[in-house]
Amino acid sequence: MKKINLKKVVASVAALSVVGCMAAIPTSAASNGITLDIDKVELTMAELQAMGNKVPVWFNLNDNAGISAVEYGVTVDSRITSYTVVNSSMVASALGLSEAPGVSMEVSKDGDFSWLGFASGKMVPGKMKMVCYYVTIPDDAKPGDKFDIKYSKDNGAHLGGTADKFQIWENRTKEDILGNTVSTADYVAAGTVDVTDGYVYILPEETTTTAATTTTTEATTTTTQATTTTTAATTTTTAATTTTTAPTTTTTAPTTTTTGGSTSTSVSTTTGTGTGTTASTAKTTATTKATTKATTAGGSPKTGSGDVMPIAATAAAVAVLGGVALVAKKKND
């Protein structure tokens with residue numbers, strides 16, 4: 001059974017890719033140095049999940065004056081679960097990527113660090129996608145997380161424990177892949193190598209802010225003038241007619257009757273109005289029993305202890321007795 005030399009296949013495919021790039025890019029597009037830009041991938045959490053958390057990060061050779069020997073290192077974020085170095089068109093096709101590297105590179109991996117190398121008998125000029133790191137973002141990643149993919153000028157403590165590998169960007173041949181004669185160059189020594197690091201960044205969740213709409217309605221104030229109607233109060237005063245009827249008092253002279261030592265005095269008073277209405281009738285009858293004993297020696301009359309008379313009755317009796325005495329004296333005269 002015949003074995004397939006994958007290195008030869010990859011080299012052939014890479015050469016064809018480079019030729020295609022050369023045909024598409026004018027010679028004037030090449031610069032006097034090297035510019036390598038690593039992708040800065042920014043995507044939403046939904047987009048990341050739709051990709052199965054697998055993100056391709058390309059190394060883009062945007063300025064290339066012509067190379068035949070290249071070496072450099074790459075460090076991926078330690079939180080990245082796994083990564084695959086897409087170093088050929090065959091690997092790119094196997095992963096279902098729509099783009100492929102322009103050259104084939106050797107890869108040595110040491111954890112999150114890897115060292116890449118490319119060598120060719122002929123110079124390869126022009127822009128290209130040089131290599132791709134197909135990284136797997138962890139499931140617990142969240143919006144705002146950033147995963148760095150950084151360029152390294154040497155291998156540091158990786159791959160042997162000492163820094164014995166350093167970046168190389170050179171053209172060591174005098175002929176390009178199209179048969180043209182070219183000059184050798186060391187771009188690192190010339191200081192014309194410019195590299196920018198890349199990353200995968202999960203965008204924060206969008207916050208929709210609805211601007212508050214304030215509607216101001218101008219207040220319309222209607223003032224109605226109050227009309228006050230004052231009606232003068234008419235006061236009718238009717239003079240009160242007062243009829244006063246002078247009371248009529250009829251006094252009947254007291255009648256005194258003396259019978260056998262007993263004296264009775266009757267006083268009758270009638271008060272009424274001129275209309276014939278009797279307001280009150282008072283009749284006072286005072287009966288005075290007086291027992292008088294005549295004394296020839298001018299003695300004073302005596303009143304028994306059981307016959308106490310009222311003061312008014314006594315006065316009336318004295319008046320009667322006085323009148324009787326006066327009549328008796330006249331007869332004697």
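Because the structure is predicted, anything quoted here is derived from the model rather than measured.
In terms of modelled atom types and a separation under 3.5 Å, the side chain of Asp63 and the main chain of Gly33 share no donor-acceptor contact. Judged purely by atom type and a 3.5 angstrom limit, Asp39 has no side-chain atom pairing as donor or acceptor with the backbone of Val41. Put simply, the side chain of Lys40 gets close to the backbone of Asp197: a donor and an acceptor are under 3.5 Å apart. A donor-acceptor pair under 3.5 Å is absent between the side-chain atoms of Ser88 and the main chain of Ser104, judged by distance alone. The backbone N or O of Thr35 sits nowhere less than 3.5 Å from a side-chain atom of Asn62 that would complete a donor-acceptor pair. In this structure a side-chain-to-backbone donor-acceptor pair under 3.5 Å is present from Asn155 to Asp164. The main-chain N or O of Gly126 is found under 3.5 Å from a side-chain atom of Asn64 such that the two form a donor-acceptor pair.
Taking all atoms of both residues into account, the shortest heavy-atom contact from Thr81 to Pro138 is OG1-CA, 3.5 Å. Here the closest heavy-atom approach between residue Val182 and residue Glu175 is recorded as CG2-N, 3.5 Å. Across all their heavy atoms, Val86 and Pro101 have their closest contact at O-CG, 3.5 Å. Smallest separation of non-hydrogen atoms from Asp148 and Lys146: OD1-CE, 3.2 Å. Of all heavy-atom pairs spanning Asp186 and Glu170, the tightest one is OD2-OE2, 3.5 Å. Of all heavy-atom pairs spanning Gly117 and Glu71, the tightest one is CA-CG, 4.0 Å.
In this structure, CG in Leu61 is found 10.0 Å from NZ in Lys127, a value given to the nearest 0.5 Å. Atoms CG and CG, from Leu203 and Asp145 in turn, are 11.5 Å apart once rounded to the nearest 0.5 Å. Rounded to the nearest 0.5 angstrom, Gln167 CD and Asp154 CG are separated by 8.5 Å. Expressed to the nearest 0.5 Å, how far CZ of Phe113 lies from OG of Ser78 amounts to 15.0 Å.
Residues Phe147 and Ile202 are in side-chain contact: their nearest non-hydrogen atoms beyond the backbone lie under 4.5 Å apart. Between Val193 and Lys153, the closest side-chain pair of non-hydrogen atoms is not below 4.5 Å. Contact annotation: the side chain of Asp77 never approaches that of Tyr199 to less than 4.5 Å [non-hydrogen atoms, C-beta and beyond]. With a 4.5 Å cut-off on side-chain heavy atoms, Val55 and Ile137 count as touching. Between Trp169 and Thr192, the closest side-chain pair of non-hydrogen atoms is not below 4.5 Å. No side-chain heavy atom of Lys122 sits under 4.5 Å from any side-chain heavy atom of Asp176. Contact annotation: the side chain of Val195 never approaches that of Tyr72 to less than 4.5 Å [non-hydrogen atoms, C-beta and beyond]. Contact annotation: the side chain of Leu97 approaches that of Pro56 to within less than 4.5 Å [non-hydrogen atoms, C-beta and beyond].
Just one of Phe59, Trp58, Tyr151 meets the ring-ring contact (aromatic ring centres under 6.0 Å, His included) condition when paired with Tyr133; it is Phe59.
In the hydrophobic cluster analysis, where Ile, Leu, Val, Met, Phe, Trp and Tyr join through side-chain heavy atoms closer than 4.5 angstrom, Leu43 is grouped together with Met45. Under the 4.5 Å side-chain heavy-atom criterion for Ile, Leu, Val, Met, Phe, Trp and Tyr, Ile34 and Trp115 are members of distinct hydrophobic clusters. Residues Leu95 and Leu116 do not share a hydrophobic cluster, clusters being chains of Ile/Leu/Val/Met/Phe/Trp/Tyr side chains in contact below 4.5 Å. By the rule that hydrophobic residues join a cluster once side-chain heavy atoms approach within less than 4.5 Å of another member, Phe166 and Leu159 end up as members of separate clusters. Note on Val107 and Ile38: same hydrophobic cluster, where clusters join Ile, Leu, Val, Met, Phe, Trp and Tyr whose side-chain heavy atoms are under 4.5 Å apart, directly or indirectly.
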**OP:** Could you go through the side chain to side chain contact (heavy atoms under 4.5 Å, CB included) check for Val57 and Val200 one step at a time?
**Re:** CA-CA 8 Å; Val57 181; Val200 175; 3.8 Å; yes
**OP:** List the steps and the verdict of side chain to side chain contact (heavy atoms under 4.5 Å, CB included) for Ile168 and Val188.
**Re:** CA-CA 7 Å; Ile168 297 173; Val188 174; 5.8 Å; no
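In this structure, Asp194 has no side-chain hydrogen bond (donor to acceptor under 3.5 Å, both in side chains) partners at least two apart in sequence or on a different chain.
Counting heavy atoms of neighbouring residues, nucleotides and ligands inside a 6.0 Å radius, atom NZ of Lys174 does not exceed 12 of them.
Of the N and O atoms on the side chains of Thr75 and Ser152, not one donor lies less than 3.5 Å from an acceptor on the other residue.
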